[in-house]
Amino acid sequence: MATRARRTSFPEVVIERDTDTEESSDEEEVEDDVAELNDPEEEEELEEEEEVEKEEVKGKEAINDKKGKSPITISLKKVCKVCKRTGHQAGFQGATYIDCPMKPCFLCKMPGHTTVSCPHRAAMEFGVIPASRKRTHNSLDYVFERQMRHRVPSIKPAFVIPDEVNCAVIRYHSRRVTCLEFHPTNNNILLSGDKKGQLGVWDFNKVHEKTVYGNIHSCLLNNMKFSPANDGTIYAASSDGTVSCTDLETGLSTSLMDLNPNGWQGGNTWRMLYGMDLNAEKGLVLVADNFGFVHLVDVRSNSKKGDSILIHKKGTKVVGLHCNPVQPDLLLSCGNDHFARLWDIRRLEAESSLHGLPHTRVVNSAYFSPLSGSKIVTTSIDNRIRVWDSIFGNLDTPSREIVHSHDFNRHLTPFRAEWDPKDPSESLVVVGRYISENYNGAALHPIDFIDISTGQLVAEVMDPNITTISPVNKLHPRDDVLASGSSRSLFIWRPKEKSEIVQEKEDRKIVVCDRKNSKKLGDGSDNDDDSGDDDFLGKKGKNLKSKSKKPNIVIAPCNSKKKKKS
DNA sequence: AGATTATGGTACC
DNA sequence: TGGTACCCCTAATC
């Protein structure tokens with residue numbers, strides 16, 4: 001009897017209990033918990049066999065009678081960790097993640113297939129909603145065509161994407177990186193904020209040097225912007241409820257606003273600041289909080305201007321603010337109420353938004369295009385990047401939706417698709433990817449370059465040594481430099497001088513850091529021949545996993561023990 | 001080496 | 001409407 005044979009190979013664990021209460025429900029729980037102790041060999045033999053379970057219960061009862069106590073019978077049946085059912089297993093097989101077939105696709109959220117067979121994964125542009133023909137030619141469109149369209153070249157030049165890049169590693173932050181900002185005039189300076197509220201100032205040509213300001217904020221530095229009037233000054237908004245204005249040379253900081261003047265009064269009243277932008281024309285700092293309000297601060301008087309205004313659903317986080325680069329009165333906000341909203345700063349009142357851009361989930365970010373300001377790109381945790389064309393057109397629906405994996409919102413900084421400020425056609429966007437791909441046996445999370453006009457994945461950047469996810473990415477305003485924040489580390493990617501196409505797949509270019517010279521992942525035995533003459537990893541990628549070896553480039557985190565060493 | 005944890009959004013009642 | 005259980009590819013720490 002086949003069933004019998006299986007049953008005998010089916011291990012059974014009986015645990016005695018001191019008390020006998022609620023046997024049946026307890027049993028089930030323990031079954032799940034201990035299920036993973038099962039031996040791989042035995043798992044294979046075990047398909048779902050309800051009979052087996054019944055027999056076990058009988059056996060348990062027999063023991064029960066004998067001892068007068070209620071033991072727990074644990075069937076070591078392998079269950080899917082996602083749906084708790086047997087017969088399949090979700091999880092990594094090597095570097096490939098196998099989805100639970102009982103759930104909708106993890107990538108596009110549609111039922112009927114899994115991520116592996118998702119059409120959006122096979123070819124990203126496949127499932128893109130094409131730009132609809134908008135009804136046009138109202139007076140505003142005329143204005144748009146006259147005043148702004150000329151800024152956008154009619155013929156889109158080819159993207160300049162390097163075939164291979166060098167990667168410098170700056171490992172400093174003691175908590176995950178939350179935001180990055182390039183210096184507006186000094187090409188080598190990058191600022192980074194972290195979850196602890198610390199502000200790092202980096203010259204990425206001298207990555208051994210570090211300047212870190214740890215006393216500006218006490219928790220998450222959510223957004224920062226350089227002062228348009230003075231590029232030695234940076235404004236930052238933090239979850240500690242304050243807006244800071246910091247001199248980069250001295251590190252001296254003033255607080256422009258404090259939403260928690262009475263300190264901690266409990267989680268229900270603590271206000272946090274998320275979205276922030278500056279309006280140079282009006283001399284304003286605009287910040288938004290976790291209760292749905294925007295606050296305006298006059299930078300000249302350093303004082304709050306007017307009352308706070310409810311711009312999103314009351315009690316929800318407003319995570320992004322952006323002033324239009326061409327029309328500074330035009331403000332874009334986005335938040336956890338599933339909306340991005342357009343506002344006229346001159347008439348900023350509750351319920352008076354010019355447009356509401358509906359999303360199905362939380363909107364992580366919303367940005368105007370950097371040159372003309374005529375496009376909006378939003379990132380939502382429904383795994384879609386949306387493009388909204390023409391700020392004067394119909395904004396009830398996006399002109400394009402691009403399925404892209406970035407829906408992880410716990411433990412990671414939220415993903416935000418950001419424009420390439422150098423792209424004259426305003427169509428290149430960079431965004432980190434959550435879901436991993438199997439690259440030669442390593443599960444890597446690339447940083448994607450997406451052409452939002454076609455939905456195509458133009459390039460994906462990764463390094464075999466960087467196995468963490470990079471949710472924070474920023475493209476340099478003038479140079480071919482990409483800065484990434486991944487967990488506690490920063491990465492600076494620059495094109496390699498001598499290019500050689502590593503791999504081309506259809507139209508997608510895979511940009512790998514030092515692929516040829518990189519060692520396999522996992523072995524910490526890095527034969528460190530010290531190519532430390534260069535600040536960049538010209539010879540080989542640094543193995544972030546090896547803690548024992550002194551890394552070439554890496555700066556030790558400045559927390560606790562390692563700090564002493566340096 | 002495996003458990004723990006920091007955490008935020010959502011679904012469901 | 002609030003309370004809370006739940007959650008699929010984390011990453012660092014002990």
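Throughout, protein chains are lettered first and strands after them, A, B, ... in sequence-line order, and every chain is numbered starting at 1. Computed over heavy atoms, backbone and side chain alike; hydrogens, waters and symmetry mates excluded.
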*Does Arg361(A) make a side-chain N or O approach to OP1 or OP2 of dG8(B) shorter than 4.0 Å?*
no
_Separation of dG9(B) P from Tyr434(A) OH (nearest whole Å)_ = 15 Å
*Aromatic ring pairing Trp202(A)/Tyr172(A), orientation class (parallel under 30°, perpendicular over 60°, tilted between)*: tilted
*What nucleic acid atoms does Ser487(A) come within less than 4.0 Å of, heavy atoms only: base, sugar-phosphate, or nothing?*
sugar-phosphate
*Taking only the side-chain heavy atoms of Lys103(A) (C-beta and beyond), determine which of dG8(B), dC9(C), dC8(C) contains the nearest atom.*
dC8(C)
*asked:* Using the side-chain heavy atoms of Val82(A), tell me which of these nucleotides is nearest: dA11(C), dT7(B), dC8(C).
replied: dC8(C)
*Salt bridge flag under 4.0 Å for residues Asp407(A) and Lys109(A)*: yes
*Rounded to whole angstroms, how far apart are CD1 on Ile381(A) and C1' on dT7(B)?*
14 Å
*Relative to the ring of His406(A), is the ring of Phe415(A) parallel (under 30°), tilted (30 to 60°) or perpendicular (over 60°)?*
tilted
*Quick one: label Ile469(A) by what it contacts on the DNA or RNA (base, sugar-phosphate, nothing), any heavy atom closer than 4.0 Å.*
sugar-phosphate
*asked:* At 4.0 Å (heavy atoms only), tell me whether Pro104(A) reaches a base, stays on the sugar-phosphate, or touches nothing.
replied: base
*Hey, is Phe106(A) doing a stacking thing with dC8(C), by the 5.5 Å centroid and 30° angle criteria?*
yes
*Determine the interatomic distance between P on dT7(B) and the same-named atom on dC14(C); round to the nearest Å.*
15 Å
*Taking N and O atoms by type only, does the side chain of His411(A) place a donor or acceptor under 3.5 Å from a partner on the base of dA6(B)?*
yes
*Among dC9(C), dA11(C), dT13(C), the one nearest Thr468(A) by side-chain distance*: dA11(C)
*Select one nucleotide: of dT7(B), dT10(B), dC8(C), the one nearest the side-chain heavy atoms of Lys195(A).*
dT7(B)
*Mind checking Lys317(A) for me? I need base, sugar-phosphate or nothing, with any heavy atom below 4.0 Å counting as a touch.*
sugar-phosphate
_Interatomic distance where CG belongs to Asn268(A) and C1' belongs to dT4(C) [whole Å]_ = 14 Å
*asked:* Under a 4.0 Å threshold between the charged nitrogen and the carboxylate oxygen, would Glu181(A) count as salt-bridged to Lys225(A)?
replied: no
*Roughly, in whole Å, what's the span from CG in Leu412(A) to P in dA11(C)?*
6 Å
*With heavy atoms under 4.0 Å as the rule, sort Arg176(A) into base, sugar-phosphate or nothing.*
nothing
*So, are Asp194(A) and Arg175(A) salt-bridged, with charged N and O less than 4.0 Å apart?*
no
